[in-house]
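Remember, predicted model here, so these are calculated numbers, not experimental data.
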Amino acid sequence: MPAAPAPLARQLRTAAFFDLDKTVIAKSSALAFSRPLYRGGLINRRAVLKSAYAQFVFLAGGADHDQMEKMRQYLSSLCRGWNVQLVREIIAETLHELIDPLIYDEAASLIEEHHIAGRDVVIVSSSGSEIVEPIGEMLGADHVIATRMTEADGCYTGEIDFYAYAGNKAVAIRELAAVEGYDLERSYAYSDSVTDLPLLEAVGHPYAVNPDRGLRREALAREWPVLLFDRPVRLKQRSPSLTAVRSRPVLAAAAVGAAAATAGLVWYAARRRTQPS
């Protein structure tokens, strides 16, 4: 007579892990806040003007590993001394105006479907928790994993405690799975970037969403499903099922604050100027 399944196996739950930028929303979540940061006195007008170029580069192909590492280093000097509470207030005041129109209808529907199936939804982003937490709350996410920056006396010190990027994302979801009891082999993950291969490889059901060239090649080689999202829509214009979801407790596994809003745009513009024509 075959042995009964172990009790632990019956208790394991599943989750759906979503990258944020170009997977759930149509643009960079961090770069979207450049103008409010300017109005709040945290960045100058020149940096705001450069954000248009940064968004173009991001949407055209994103950043590769070396670019993201340089961006991380730039963050350390850029946001040193920024008042954390001021950053949070700026984001809270402009969140719905800036982010709500960018949410893909297809992604919102997937989030609904996973919740209906009894799965937790986790947003995993290299942007900071000051940005990602309220977006996750808006979407009804159960947990958030993001970058964490060191704070002291109410300001950013310029040091980064945890960078939610590449392999670190996979480490973070494994740690969360151990705490929450997720069976990663039966869980799902969605991303647009080849830098998120470790995240996608950590689950049994990986999906490439609006993939960059590198991820498209990997998805085709590994026979992963490829999804194309192209319908940004305000949540209020959708079926009330998502917007009616009660805000769930959001776990901040990490936070860079809105420093990333200018880190990417300034670094990309500087890189552009130094490249030979």
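Taking every heavy atom of both residues into account, E130 and E151 meet most closely at OE2-OE2, 3.8 Å. Minimum heavy-atom separation, E180 to D120: OE1-OD2, 4.4 Å. The nearest pair of heavy atoms linking P206 to P225 is O-CD, 3.4 Å. Minimum interatomic distance between C155 and G81 (heavy atoms only, all atoms of both residues): SG-O, 3.7 Å. Between P232 and P101 the shortest heavy-atom distance is CB-O, 3.5 Å. Of all heavy-atom pairs between A26 and K22, the closest is O-CG, 4.2 Å.
The CZ atom of R13 sits 8.0 Å away from the CG atom of D142 when rounded to the nearest 0.5 Å. Note that the OH atom of Y190 and the OH atom of Y207 stand 5.5 Å from one another [nearest 0.5 Å]. Remark: R231 CZ to D105 CG distance equals 5.0 Å, nearest 0.5 Å. Distance check, rounded to the nearest 0.5 Å: CG of D212 to OG1 of T195 gives 7.0 Å. For the atom pair CG (D161) and CE (M149), the distance works out to 8.5 Å, reported to the nearest 0.5 Å. Summarising the geometry, atom OG belonging to S126 is positioned 10.5 Å from atom CZ belonging to F162; distances are rounded to the nearest 0.5 Å.
With N168 contributing its side chain and Y163 its backbone, the two residues share a donor-acceptor pair below 3.5 Å.
With sequence neighbours excluded, no residue forms a side-chain hydrogen bond (donor to acceptor under 3.5 Å, both in side chains) with S187. Applying the side-chain hydrogen bond (donor to acceptor under 3.5 Å, both in side chains) test to D19 and every residue at least two apart in sequence or in another chain returns T23, K169. In terms of the salt bridge (charged side-chain N to carboxylate O under 4.0 Å, His left out) criterion, residue partners of E201 (sequence neighbours excluded) are, by chain and number, R222. For N210, the side-chain contact (heavy atoms from CB on, under 4.5 Å) partners at least two apart in sequence or on another chain are Y104, L228, F229. By the side-chain contact (heavy atoms from CB on, under 4.5 Å) test, Q85 pairs with N83, R88, E89, sequence neighbours left out. Every ring-ring contact (aromatic ring centres under 6.0 Å, His included) that Y188 has, sequence neighbours left out, goes to H114, H205. Every residue two or more places apart in sequence or in another chain was checked for a side-chain hydrogen bond (donor to acceptor under 3.5 Å, both in side chains) with R174, and none qualifies. Legend: residues meeting salt bridge (charged side-chain N to carboxylate O under 4.0 Å, His left out) with R217, ordered by chain and number and at least two apart, are absent.
Side-chain contact between V121 and H115: present, with at least one pair of heavy atoms (C-beta onward) separated by less than 4.5 Å. Contact annotation: the side chain of L227 never approaches that of E106 to less than 4.5 Å [non-hydrogen atoms, C-beta and beyond]. Counting only heavy atoms from C-beta outward, the side chains of S191 and V209 never approach each other to under 4.5 Å. When side chains are defined from C-beta on, I25 counts as touching I99, because their heavy atoms get closer than 4.5 Å. Counting only heavy atoms from C-beta outward, the side chains of I123 and I135 never approach each other to under 4.5 Å. At a threshold of 4.5 Å between non-hydrogen side-chain atoms, the residues I103 and D100 count as touching.
In the hydrophobic clustering, V233 connects to no other residue, as no ILVMFWY side-chain heavy atoms lie under 4.5 Å from its own. Connectivity analysis of hydrophobic side chains (ILVMFWY, heavy atoms under 4.5 Å, direct or indirect) links L215 to V194, L197, L200, W224. Listed by chain and number, the hydrophobic cluster partners of I116 come to none, as no ILVMFWY side chain reaches under 4.5 Å of it.
By the rule that hydrophobic residues join a cluster once side-chain heavy atoms approach within less than 4.5 Å of another member, V144 and M138 end up as members of one cluster. L199 and V171 fall into different hydrophobic clusters, where Ile, Leu, Val, Met, Phe, Trp and Tyr are joined by side-chain heavy atoms under 4.5 Å apart, directly or via other members.
Between F17 and Y182, the two ring planes are perpendicular [angle over 60°; tilted spans 30° to 60°].
For the pair D21 and K27, the salt-bridge criterion is not met [side-chain N within less than 4.0 Å of a carboxylate O].
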- [ ] Quick one: do I145 and V122 satisfy side-chain contact (heavy atoms from CB on, under 4.5 Å)? Show the steps, please.
- [x] CA-CA 7 Å; I145 293 170; V122 184; 4.2 Å; yes
Open item on the list: Applying side-chain contact (heavy atoms from CB on, under 4.5 Å) to F18 and L139, what does each step give before you reach the verdict?
Closed with: CA-CA 11 Å; F18 286 83; L139 293 165; over 6 Å; no
